[in-house]
Amino acid sequence: MGKKKVSNNQVRGISRKRMAILVTMSEREALAGNMVRAKRYMELARRISGRNKVPMPPRAMYCHRCSTPLVAGINCRVRLREKKVCTHCLECDSIKRIPFIREIKERRTCRQEQ
Ligand SMILES: [Zn+2]
């Protein structure tokens with residue numbers, strides 16, 4: 001009995017599908033207020049991501065430290081500060097900063113065209 005060979009491409013496809021389902025479930029639980037379950041689903045999605053070297057779905061918003069799905073107004077605070085979007089996780093107090101330099105540049109070029 002040989003082990004059935006599954007190509008890396010197939011693994012990636014399956015991983016992506018399962019991660020998308022887990023992220024959706026996690027967000028649903030977070031909105032319902034069930035944070036323990038929401039966290040668990042996000043952890044599972046991240047585990048698939050790490051094990052199969054597949055990036056997390058781009059729309060997934062989660063805390064990189066405690067895996068809590070971040071829903072603005074429920075468990076995270078979003079502020080704009082010095083050309084960065086600061087997402088403050090209220091569960092573990094970690095802050096994620098994402099620069100939005102590209103958007104600023106785009107706005108500048110738009111103005112020049114007008
Ligand atoms: Zn956190």
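First listed ligand is number 1; within each ligand, the first listed atom is number 1.
- Considering Glu27, Glu29, Glu43 as possible partners of Arg37, the one that fulfils the salt bridge (Lys or Arg N to Asp or Glu O under 4.0 Å) test is Glu29.
- Looking at heavy atoms from C-beta onward, Met42 lies in side-chain contact with Met56 at the 4.5 angstrom threshold.
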Cut-off 3.5 Å, no hydrogens considered: what does the side-chain donor-acceptor table look like for residues 66-74, sequence neighbours left out?
unit_1 : atom_1 : unit_2 : atom_2 : d
Ser67  : OG     : Arg46  : NH1    : 2.8

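- Contact detail for Met19 and Pro55: the closest heavy-atom pair is CE-O, 3.2 Å.
- Taking the side chain as every heavy atom from C-beta outward, Ser94 and Cys89 approach each other to under 4.5 Å.
- Around the Zn ion (ligand 1), the protein contributes the following N, O or S atoms at distances under 2.8 Å: Cys63 SG, Cys66 SG, Cys89 SG, Cys92 SG.
- The number of heavy atoms from other shown groups lying within 6.0 Å of CZ (Arg81) does not exceed 12.
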